[in-house]
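Treat the numbers as computed from the prediction; the structure is a model and nothing was measured. Chain letters run A, B, ... following the sequence lines, proteins first and then strands; every chain starts at 1.
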Amino acid sequence: MQAKHNKTWKHKHLIDVDDLSIQDCSLVFQLANKYEKALKNKKSISPILKNSNIFNLFFEPSTRTRASFELAGKLLGANVINITSEISSVQKGESLEDTIKTVSAMHSDIIILRHQDSGAATFASMNTNTSIINAGDGSHAHPTQALTDAYTIRKRFKSLKNINVTMVGDIEHSRVARSDIWMLTKLGANLTICGPASLIPKSFHKAQNSKLPHVQVQTNLKKALTDADVIIALRMQTERQKKKSIPSLSEYAKRYQITKTNLQVAKKNCLLMHPGPKNEGVEISREVANSSLSKIEEQVANGVAIRMSLLQLIYTNSGK
Amino acid sequence: MQAKHNKTWKHKHLIDVDDLSIQDCSLVFQLANKYEKALKNKKSISPILKNSNIFNLFFEPSTRTRASFELAGKLLGANVINITSEISSVQKGESLEDTIKTVSAMHSDIIILRHQDSGAATFASMNTNTSIINAGDGSHAHPTQALTDAYTIRKRFKSLKNINVTMVGDIEHSRVARSDIWMLTKLGANLTICGPASLIPKSFHKAQNSKLPHVQVQTNLKKALTDADVIIALRMQTERQKKKSIPSLSEYAKRYQITKTNLQVAKKNCLLMHPGPKNEGVEISREVANSSLSKIEEQVANGVAIRMSLLQLIYTNSGK
Amino acid sequence: MQAKHNKTWKHKHLIDVDDLSIQDCSLVFQLANKYEKALKNKKSISPILKNSNIFNLFFEPSTRTRASFELAGKLLGANVINITSEISSVQKGESLEDTIKTVSAMHSDIIILRHQDSGAATFASMNTNTSIINAGDGSHAHPTQALTDAYTIRKRFKSLKNINVTMVGDIEHSRVARSDIWMLTKLGANLTICGPASLIPKSFHKAQNSKLPHVQVQTNLKKALTDADVIIALRMQTERQKKKSIPSLSEYAKRYQITKTNLQVAKKNCLLMHPGPKNEGVEISREVANSSLSKIEEQVANGVAIRMSLLQLIYTNSGK
């Protein structure tokens, strides 16, 4: 493949998707595609990360992201070490900077960082020579989820150009939303964000803000879903809402739950996605979540391939 | 070995031992025997599960079962990922069904499930194409412990036929008891269960209940121990007793503790077993627990071999 | 290397450094040096511990020690199983003795034990045939940290003979202090311990105590730092101080914090060390901790090599 030689990966860290060019994304997707097939066909995978040391440094509870990275690393032959805040020096009052420096000193090649504070991954990357991959920081970014989501849509439609994507829910507190918005608009999707006005960042209400990617804002669910090719339901992040942003979950559900009925205005065979963990009966009905439209489990499966791809690109291009 | 070709393993999941035929058990024991020897002699073990992904999904604390499965998987070359409820999405309110589907989607081959609710493993197996091994669900079942116990007895007596096994303690709340009862009676042992009437399930008091395996019920410890070849002491499961079933631990100990004195009526050189963790001074005296009769540590050692055997049988026969 | 054949490692366990001869230490350092280079140069490492089973049994939270041992084991090809008290049978009231026996029975070759009680590692070693490595027990000992510290000093000065080492801080509650004192004096360093009198064990105030290694006691920081080649700042172990031993952290910091100013009396280019996790602004100023004098991260890096060395020496000499 000639293309492979012309394109190269230059990123030491992955803090958010807005660092990535369209070519970078293509590189990630190509390699992920290779790994997705290998995983499906139970082919043996070359241990390209043998002798590498990957630290999963998680300051927040996580099943899917931590396990997905751990599996991705192990499948590529890396030594993967989990450190969670519950069992770490953080209990002894160590600063994030010190924890990062300590883990870096431990001959680490890549640190996968999940942290409750927005900006933690950026801060970490400024304090170490080890590659940092942001696995979610506060309500800021979750780049591997965004790459996974774009990959999942791309698999169906070949390209994201002019695909109508509607994202519904707690945009304000969702790091997935923020990363997805950058990723999907960069790759050419027509993005509509929908939810109660209190859950949509104020900045998006002003269409003229040129720094933000262009998205449609829509508080009416039916209008937002009309002609949608892809619907992304977001988790109601009640644990991150400092003030109450909605009157109650049931009132939210009444107006914004994705149900079979209100999907009728969307395109036939639209994709239904959710970054998980989902609250069935709140942002999505049980019926829809378990219907053939749902790509939720495929997202999880693709997430492993995307992370394998990223680990390889970052490890093999960081001068080691 | 001709026998090997005639017998085959057909189980995708292992929910409880009552699913297993006598031939199935023989298969498990034969393979476990091979691994037990390899472990003892520090022989290198063929990585038959290389490229397989095993998830230890534990919703309850556990040392021995989780570590035993993790080691068994690693010894066979599998990628083993631990997920505990403390650090999982369950904290975000995810349902068991969703967790199972998510972990399944992560290219998992086998999920080892420990859960506080009886029936969780059955429920999980109905919601996934991944093999489920029950590592203990509520007070329902603990099949790998039962296979380990049967294997440990069989090693000494060659067969369980007509071996007098007496199980003493909290039968009502013990998943080990339930699985052991099925396993040991199926393999031909004469089983006596003993404890205060309040800790013996009512169903066993009625001899005529044809659905239950045939066991003797005996509330008098001395009578129960008379001529026993094997004594299994059970942990007092105070954490699972919703109502107080015994007046106090010391009164229980006075009547039902296995001691050197009351072992005098048992067969000479009887085996003393306990699934652990044990409360010395409650269900068993310190002296007896640490005597040469005790097979408690051998049970732990055998548990690893039994789990290796099961992982291999399930993995290599699930159509992969 | 002829030397290699003349020296041999005879220790089944590593409980504290006072068990080690000078020759033993040389063996550990030589092998650590080999591994340090391999790690730095990203050379592939021979999986000498393949087929070995190492259990990290941690009853206290730990980032660096647990992760360092886990990585060391994995780099040598061992199966490493983590057990932490949060997720173990200890929650069900199991005794340390039973936990040790259970983990030993699980075909373990080495148990790495961290425990909150002084003496736990010694107790464990008396109850098992598995090798025990003490990863910190109460305020008693932390031998791998002491070996790491000695190794780090030795790298700079070739030998510890007549090197002036000053240790500052909470000597009383620090297991690192106790192990460092033995290690550094045995290898010939001139050791001064410094801190408020309430944080220096009474035994050290009496110079005539012949059982203790010879150290200078100094409560005046400036005098203690004068002509120091190496300064080891210790963490204020507020979590282990049963009674308040100092009026306040800020008053302690005023008198005993290592700062750029009071380092002026030390040797130029002295080494500044800290076993971590450190409290910047208490026992050490941020400026100094992040200066070129600081060997804090090098200690972490060396810790992995020291632990690889020990794992190999103990595993290959325990008759397996």
> Of A/K278, A/R235, A/R64, which is the lone residue that meets salt bridge (Lys or Arg N to Asp or Glu O under 4.0 Å) with B/D98?
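The single option meeting the salt bridge (Lys or Arg N to Asp or Glu O under 4.0 Å) with B/D98 is A/K278.
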
> Do B/N79 and A/E70 make a side-chain contact, defined as non-hydrogen atoms from C-beta onward lying under 4.5 Å apart?
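With C-beta onward as the side chain, the pair stays apart.
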
> Is there a side-chain contact between B/H107 and A/L75 (heavy atoms, below 4.5 Å)?
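Of all side-chain heavy-atom pairs linking A/L75 with B/H107, none is under 4.5 Å.
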
> Would you name the heavy atoms of A/K74 and B/I81 that are closest together and state the gap between them?
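Closest approach of A/K74 to B/I81: CD-CD1, 4.1 Å.
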
> What is the minimum heavy-atom distance between B/M106 and A/L71, and which atoms define it?
O-CD2, 3.2 Å

> Checking an interface table here. Which of residues 292-306 of chain A come within a heavy-atom distance under 4.5 Å of chain B?
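Within residues 292-306 of chain A, the residues that come under 4.5 Å of chain B (heavy atoms only) are A/E297, A/V300, A/A301, A/V304.
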
> Once you round to the nearest 0.5 Å, how far does CD of B/E97 lie from CG of A/N290?
5.5 Å

